[in-house]
Student: 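Below are the structure tokens for one structure; questions will follow.
The chains referred to below are lettered A, B, ... by the order of the sequence lines, with proteins before strands, and numbering in each begins at 1.
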Protein chains: 2
Amino acid sequence: MTCMTPPRQRSVRRADALSTDRIVEAAIEILDAEGERGLTFRALAARLSTGAGAIYHHVASKEELLTEATTGVIERVLADVPDSATPEEGARAITLIALGMFDAIDEHPWVGAHLPVVPWQPGMVRLFESIGGRLDSLGVPESAQFNAASALLNYILGVAAQNAANARTRVAGAGREEFMAETADRWEQLSPASYPFLHRVARQLRHHDDREQFLAGVDLVLAGLAAGQDG
Amino acid sequence: MTCMTPPRQRSVRRADALSTDRIVEAAIEILDAEGERGLTFRALAARLSTGAGAIYHHVASKEELLTEATTGVIERVLADVPDSATPEEGARAITLIALGMFDAIDEHPWVGAHLPVVPWQPGMVRLFESIGGRLDSLGVPESAQFNAASALLNYILGVAAQNAANARTRVAGAGREEFMAETADRWEQLSPASYPFLHRVARQLRHHDDREQFLAGVDLVLAGLAAGQDG
DNA sequence: ACCTGAACACCGTTCAAGT
DNA sequence: ACCTGAACACCGTTCAAGT
């Protein structure tokens, strides 16, 4: 086979040249594999076969690095959500966004930890627009849309942060099942006089499904929105 | 005046002896004054006129220190909430808990940042019981109480984390008004084609009240609960 | 038993020196 | 212009040595 392209000189090899994209990509890989604590500039530099200082030519700080990684994950979630015209489609789209975020954070727990930390970061803004933009089709009056979108977003953030925390303790210690069983045991041993509620729902904690419970919360807010329209 | 008590010997003075309570108290003072970044074992030791290592005789780690400070703040909030029997009293109690948490986090932003970080920490457990324990009087069926309490708790956590983040950027940079105005400006300049929702609600962002918006979210979940009962 | 504070094993970030 | 990697200014935590 004749060689149509001139042979690359090893010394001018740019395949592994540094770039923001490659840095963020490597950061995501480390975050997924080792967790937030594993992402250090030294580890990142080692993986990219360079010095720690080189990274600062493309990324201003560790916070910016985390923000960019977070934005990337959220963009991917929102890309899949279809348009909506009818109330049914609107409710479905919002559920899809919420579930997409839930699954993304299950896969990348550090997103759940970082999203609430930097206010109005790009990913958050896109998420807010995505949710708010479906409320019209849901029939929510304009004057109520700001509060409604904010309530949905805050609920998602709360679950996100919580799930990220669960994932972190899981890495450090026992698996999910064990952790849930231990917590349920502790609740059952609480005095029914001082902790009637926890004592009662301990059984539910042991067998509940995080994803189902998450959806129930979204439905609760959506039901509140629907009730407000004819109230 | 005759001296009824023997004069204390300076060398046996125990008024400033170290104790977990004094350490947590000092930690809260530093956290409120300097923020999370200001709380270091060196700064804490300096304030308590001791060595950094001494603190480890009373507190196992920085995380435990933050957890104990957080628990203290939450206990104080929950102490003020009255019992409830009627649905109206139940709704009022839940609103009081939520508002109490909102104000406490406004005063101690680090609580909002730490509460979602350690899963099922004591403060969280107390909060969950407090909310769940009012759902009976609200008329929520037992089978729905676990999910309902969890939705309310997660919403509160989301707002808490968000407010803590806002407070942090406020300390670093501009005040709340300026930050809101800047964000609103940015939203108004977004293309109405790509960001119809944000473009539209930018005006509301500039004039909205965080506390009112927080309450609107709680009311939304409560409305959803009420709607579910006859649905 | 409790305290002291130097020491250890790290961090994020900077910056002179190289190419 | 970009990279290198030693150096700086910190951390949380440990631990021999003191009282």
Side-chain angles (χ1 to χ4, degrees), chain A residues 8-28 30-31 33-70 110 113-114 117-118 168-169 171-172, chain B residues 8-28 30-31 33-70 110 113-114 117-118 168-169 171-172:
Chain A
R8 278 183 204 199
Q9 289 169 269
R10 290 262 168 208
S11 60
V12 194
R13 229 184 184 290
R14 289 273 124 193
D16 50 5
L18 229 45
S19 70
T20 305
D21 282 353
R22 274 195 68 229
I23 292 171
V24 172
E25 191 191 339
I28 291 179
I30 293 178
L31 284 164
E34 322 270 351
E36 297 154 73
R37 284 204 42 187
L39 180 65
T40 68
F41 277 79
R42 282 167 181 81
L44 192 53
R47 177 179 275 252
L48 293 165
S49 312
T50 181
I55 297 165
Y56 284 89
H57 284 271
H58 301 89
V59 156
S61 66
K62 188 171 181 180
E63 184 172 291
E64 187 184 300
L65 186 58
L66 273 163
T67 300
E68 256 177 280
T70 299
W110 46 273
H114 190 250
V117 159
V118 178
R168 202 177 318 137
T169 49
V171 168
Chain B
R8 280 184 202 197
Q9 290 169 268
R10 291 262 167 207
S11 58
V12 194
R13 230 187 183 287
R14 290 272 124 193
D16 50 4
L18 228 46
S19 71
T20 304
D21 282 353
R22 274 195 67 228
I23 291 170
V24 172
E25 190 191 339
I28 291 180
I30 293 179
L31 284 163
E34 322 269 350
E36 296 155 72
R37 285 204 41 189
L39 180 66
T40 69
F41 277 78
R42 284 168 181 80
L44 192 54
R47 177 180 276 253
L48 294 164
S49 312
T50 182
I55 296 165
Y56 284 89
H57 284 271
H58 301 90
V59 156
S61 66
K62 187 171 181 178
E63 184 173 290
E64 188 184 299
L65 186 58
L66 273 163
T67 300
E68 258 178 277
T70 299
W110 47 272
H114 190 250
V117 159
V118 178
R168 201 176 319 136
T169 48
V171 169

Student: What residues, two or more places apart in sequence or in another chain, satisfy salt bridge (Lys or Arg N to Asp or Glu O under 4.0 Å) together with B:Arg47?
Tutor: B:Glu29
Student: For B:Glu36, check salt bridge (Lys or Arg N to Asp or Glu O under 4.0 Å) against everything at least two apart and list the hits.
Tutor: B:Arg168
Student: Rounding to an integer number of Å, can you tell me how far B:Ile30 CD1 sits from D:dG12 P?
Tutor: 11 Å
Student: CG of A:Leu48 versus C1' of D:dC2: gap in Å, rounded?
Tutor: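 Spelled out: CG on A:Leu48 to C1' on D:dC2 is 15 Å.
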Student: Just to be sure I follow the notation: if a pair is Watson-Crick (purine N1 to pyrimidine N3 plus N6-O4 or O6-N4) or a G-U wobble (N1-O2 and O6-N3), each under 3.5 Å, what dot-bracket string does DNA chain D give, with | for pairs to another strand?
Tutor: ||.|||||...|||||.||
Student: On DNA chain C, check which nucleotide each of B:Gly51 and A:Leu39 is closest to and give me the residue with the more 5' one.
Tutor: B:Gly51
Student: CD1 of B:Ile28 to CD1 of B:Ile30: how many Å apart, nearest 0.5 Å?
Tutor: 11.0 Å
Student: If I take atom CZ in residue B:Phe41 and atom C1' in nucleotide C:dC8, what distance separates them, rounded to the nearest angstrom?
Tutor: 16 Å
Student: Roughly how far, to the nearest 0.5 Å, is CG of A:Leu48 from CG of A:Leu18?
Tutor: 6.0 Å
Student: Could you pull out all donor-acceptor pairs under 3.5 Å where a side-chain atom in residues 62-69 of chain B meets a protein atom, sequence neighbours excluded?
Tutor:
| residue | atom | partner | partner atom | Å |
| --- | --- | --- | --- | --- |
| B:Lys62 | NZ | B:Leu39 | O | 2.7 |
| B:Thr67 | OG1 | B:Glu63 | O | 2.9 |

Student: Figure out the CZ/C1' separation between B:Arg37 and D:dC10, and round it to whole Å.
Tutor: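 Rounded to the whole Å, the gap is 10 Å.
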Student: To the closest 0.5 Å, what do you measure between CH2 (B:Trp110) and OG1 (B:Thr70)?
Tutor: 5.0 Å
Student: Among residues 54-67 of chain B, which residues get a heavy atom nearer than 4.0 Å to DNA chain D?
Tutor: B:Tyr56, B:Ser61, B:Lys62
Student: Using the salt bridge (Lys or Arg N to Asp or Glu O under 4.0 Å) criterion, which residues pair with A:Arg37? Sequence neighbours excluded.
Tutor: none
Student: To the nearest Å, how far apart are B:Arg42 CZ and C:dC11 C1'?
Tutor: 12 Å
Student: Can you measure A:Leu44 atom CG to C:dT13 atom P for me and round it to whole angstrom units?
Tutor: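 One finds 12 Å between P of C:dT13 and CG of A:Leu44, rounded.
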Student: Hey, could you give me each pair passing ring-ring contact (aromatic ring centres under 6.0 Å, His included) that has a residue in residues 42-68 of chain A? Not counting sequence neighbours.
Tutor: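 Checked against ring-ring contact (aromatic ring centres under 6.0 Å, His included) - neighbours excluded - the pairs reaching residues 42-68 of chain A are A:Phe41-A:Tyr56.
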